[in-house]
Enquirer: 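Let me give you the structure first, and then I'll get to my questions.
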Amino acid sequence: MPKLRRIAFWPTAGSLSDPWFEEPERSDVALDRFLRASRSPAEAFSALLEDEAVDTPHSSSIGFTGRAHDGPDVTVLVERSFHRGGEEGGVILIPMRLREASSEVIRVLAGEALVAGAVGVAELRALEMSRVLRAAASLRQAQYRFAFTGPWKSSRDRKTRVRLEARIADDGFARLCLRVARDGAVNLSAEFIGSTTIESIRRASRSVRWISSEHVQVDSGAVFDAHQIEVTVSTGAVVTSRSLDEPRVEHSSRTQLDLDVRIVTELVG
């Protein structure tokens, strides 16, 4: 029987600097920021659910995003019927006042919306709820953040080891770096921008390769706009064919959960 191993809001990727929805009627700041901030909790929760091995009719649950609205709540609509592709489906409705929230607040709300969707699916399909709730508790303990550590890879002379480490920032994109162990010291390279999913990070980790005694090359892991990164292990300096400028994402200084936003779950279809 399939295992529940993926839960996310769609789309799961987009431009570094442009809104993730190109349609003018859907390119709201609140929606764009919510989608970006959802990437870290979505990948973290997916990995935790995969570890729990929850039996389910279909392994994926995708929430599609509707237009931002004037209402007060984040609404998660869980569909009774399966999508044409076979996955669980639903719709997420985002209030426009999330424009005012900090990225941290939006990440927490996105994480709780993902949990609400998973619980709704578990109730609908009579899945083992205790496993879903255990994964949700671990997500909260991790503060709705995704982190990844790859395997060590040794240089030819076995004197130096490197491994890829990653996190997904609230702008939706991974920040990758190499941890370097040499002569009893462990250091981190400068960060470089990866893609937006755990699959892309795993691809980047598998691609780590020594090209000389001082240099390691890494593929970005992205399917589209793929590029390579070269790291000098002695200095941690990074050279890439892609700009390392930070994505241009609108932020707010508001840092508290003071918007009184609820997560509402409904069954539809």
Enquirer: Run the side-chain contact (heavy atoms from CB on, under 4.5 Å) check on E104 and Q143 step by step: do they pass?
Expert: CA-CA 10 Å; E104 180 180 2; Q143 298 183 322; over 6 Å; no
Enquirer: Tell me, do T196 and R36 make a side-chain contact under 4.5 Å, heavy atoms counted?
Expert: no
Enquirer: Can T75 and D73 be counted as having a side-chain donor-acceptor contact under 3.5 angstrom?
Expert: no
Enquirer: Apply the test side-chain hydrogen bond (donor to acceptor under 3.5 Å, both in side chains) to residues S60 and R6: give CA-CA distance (whole Å), side-chain angles for both, the deciding distance (0.1 Å), then the verdict.
Expert: CA-CA 5 Å; S60 295; R6 185 190 184 210; 4.6 Å; no
Enquirer: Under the salt bridge (charged side-chain N to carboxylate O under 4.0 Å, His left out) rule, collect the residues that match up with R39, sequence neighbours excluded.
Expert: E43
Enquirer: Return the set of residues passing salt bridge (charged side-chain N to carboxylate O under 4.0 Å, His left out) with R209 (not counting sequence neighbours), or none when no residue passes.
Expert: D219
Enquirer: May I ask you to test the R156-S213 pair for a side-chain heavy-atom distance under 4.5 Å?
Expert: no
Enquirer: What distance separates W20 CH2 from S15 OG, expressed to the nearest 0.5 Å?
Expert: 9.5 Å
Enquirer: Which salt bridge (Lys or Arg N to Asp or Glu O under 4.0 Å) pairs, counting each pair once, include a residue from residues 230-240, with sequence neighbours left out?
Expert: none
Enquirer: Between T160 and S155 (side chain of the first, backbone of the second, donor and acceptor by atom type, cut-off under 3.5 Å), is there such a pair?
Expert: no
Enquirer: Find out whether R179 and V186 are in side-chain contact, i.e. whether some heavy atom of one side chain is under 4.5 Å from a heavy atom of the other.
Expert: yes
Enquirer: State plainly whether one hydrophobic cluster holds both I168 and L188, where clusters connect Ile, Leu, Val, Met, Phe, Trp and Tyr through side-chain heavy atoms under 4.5 angstrom apart.
Expert: no
Enquirer: What's the spacing between L178 CG and N187 CG if we round to 0.5 Å?
Expert: 12.0 Å
Enquirer: Are L16 and L35 joined in one hydrophobic group, where the rule is that I, L, V, M, F, W and Y side chains link up if heavy atoms are under 4.5 Å apart?
Expert: yes
Enquirer: Examine distances only and state if a side-chain atom of S212 and a backbone atom of E214 form a donor-acceptor pair shorter than 3.5 Å.
Expert: yes
Enquirer: Please say yes or no: joined through hydrophobic side-chain contacts below 4.5 Å, possibly via intermediate residues, are W152 and V180 part of one cluster?
Expert: no
Enquirer: Could you tell me the separation between the OG atom of S38 and the CD1 atom of I106, rounded to the nearest 0.5 Å?
Expert: 10.5 Å
Enquirer: Using every non-hydrogen atom in the two residues, find where V216 and V208 come nearest and quote the distance to one decimal.
Expert: CG1-CG1, 3.7 Å
Enquirer: Roughly how far, to the nearest 0.5 Å, is the CG atom of L164 from the CD1 atom of I201?
Expert: 8.0 Å
Enquirer: Would you say I92 and L267 are hydrophobically clustered, going by side-chain heavy atoms of ILVMFWY under 4.5 Å?
Expert: yes
Enquirer: Just wondering, do R175 and F173 contact through their side chains at under 4.5 Å, heavy atoms?
Expert: yes
Enquirer: Can you measure from CD1 (I94) to CG (D32) and round to the nearest 0.5 angstrom?
Expert: 11.5 Å
Enquirer: Does the side chain of P72 reach to within under 4.5 Å of the side chain of R97, using non-hydrogen atoms?
Expert: yes
Enquirer: Does any N or O in the side chain of W210 come within less than 3.5 Å of the main-chain N or O of K153, such that one atom is a donor and the other an acceptor?
Expert: yes
Enquirer: Could I get the full list of salt bridge (charged side-chain N to carboxylate O under 4.0 Å, His left out) partners for R131, not counting sequence neighbours?
Expert: E128
Enquirer: Show which side-chain atoms of residues 111-127 pair as donor or acceptor with protein atoms under 3.5 Å away, not counting sequence neighbours.
Expert:
unit_1	atom_1	unit_2	atom_2	d
E112	OE1	R140	NH2	3.0
E112	OE2	R140	NE	2.7
E112	OE2	Y144	OH	2.4
R125	NE	E88	OE1	3.3
R125	NE	E88	OE2	2.9
R125	NH1	R80	O	3.2
R125	NH2	R80	O	2.6
R125	NH2	E88	OE1	3.2

Enquirer: Could you work out, with salt bridge (charged side-chain N to carboxylate O under 4.0 Å, His left out) as the rule, every residue matching R167, not counting sequence neighbours?
Expert: E191
Enquirer: Sub-3.5 Å donor-acceptor pair from the side chain of D170 to the main-chain atoms of A37, do we have one?
Expert: no
Enquirer: Which atom pair, heavy atoms only, marks the closest approach of L49 to A135?
Expert: CD2-CB, 3.8 Å
Enquirer: Decide yes or no for R5 and S59: does some side-chain heavy atom of the first lie under 4.5 Å from some side-chain heavy atom of the second?
Expert: yes
Enquirer: What pair of heavy atoms forms the shortest contact from P41 to L139, and how long is it?
Expert: O-CD1, 3.8 Å
Enquirer: Without swapping roles, check the side chain of T65 against the backbone of W10 for a donor-acceptor pair under 3.5 Å.
Expert: yes
Enquirer: Please report the closest heavy-atom contact between S189 and V231, naming both atoms and the distance.
Expert: CB-CG1, 3.8 Å
Enquirer: Do any N or O atoms from the side chain of S205 and from the backbone of R202 form a donor-acceptor pair under 3.5 angstrom?
Expert: no
Enquirer: Please check this pair: side chain of S40 against backbone of F146, looking for a donor-acceptor N/O pair closer than 3.5 Å.
Expert: yes
Enquirer: Looking at every non-hydrogen atom in both residues, tell me the closest pair between A136 and F45 and how far apart they are.
Expert: N-CE1, 3.6 Å
Enquirer: Between atom CG of L176 and atom OG of S220, what is the distance when rounded to the nearest 0.5 Å?
Expert: 8.5 Å
Enquirer: Do K3 and D55 come within less than 4.5 Å of each other through their side chains, counting heavy atoms only?
Expert: yes
Enquirer: Could you pull out the closest heavy-atom pair between S234 and R182, with the gap in Å?
Expert: CB-NH1, 3.9 Å
Enquirer: Test of understanding: clusters of I, L, V, M, F, W, Y form through side-chain heavy atoms closer than 4.5 Å, transitively. Do F34 and V264 belong to the same one?
Expert: no
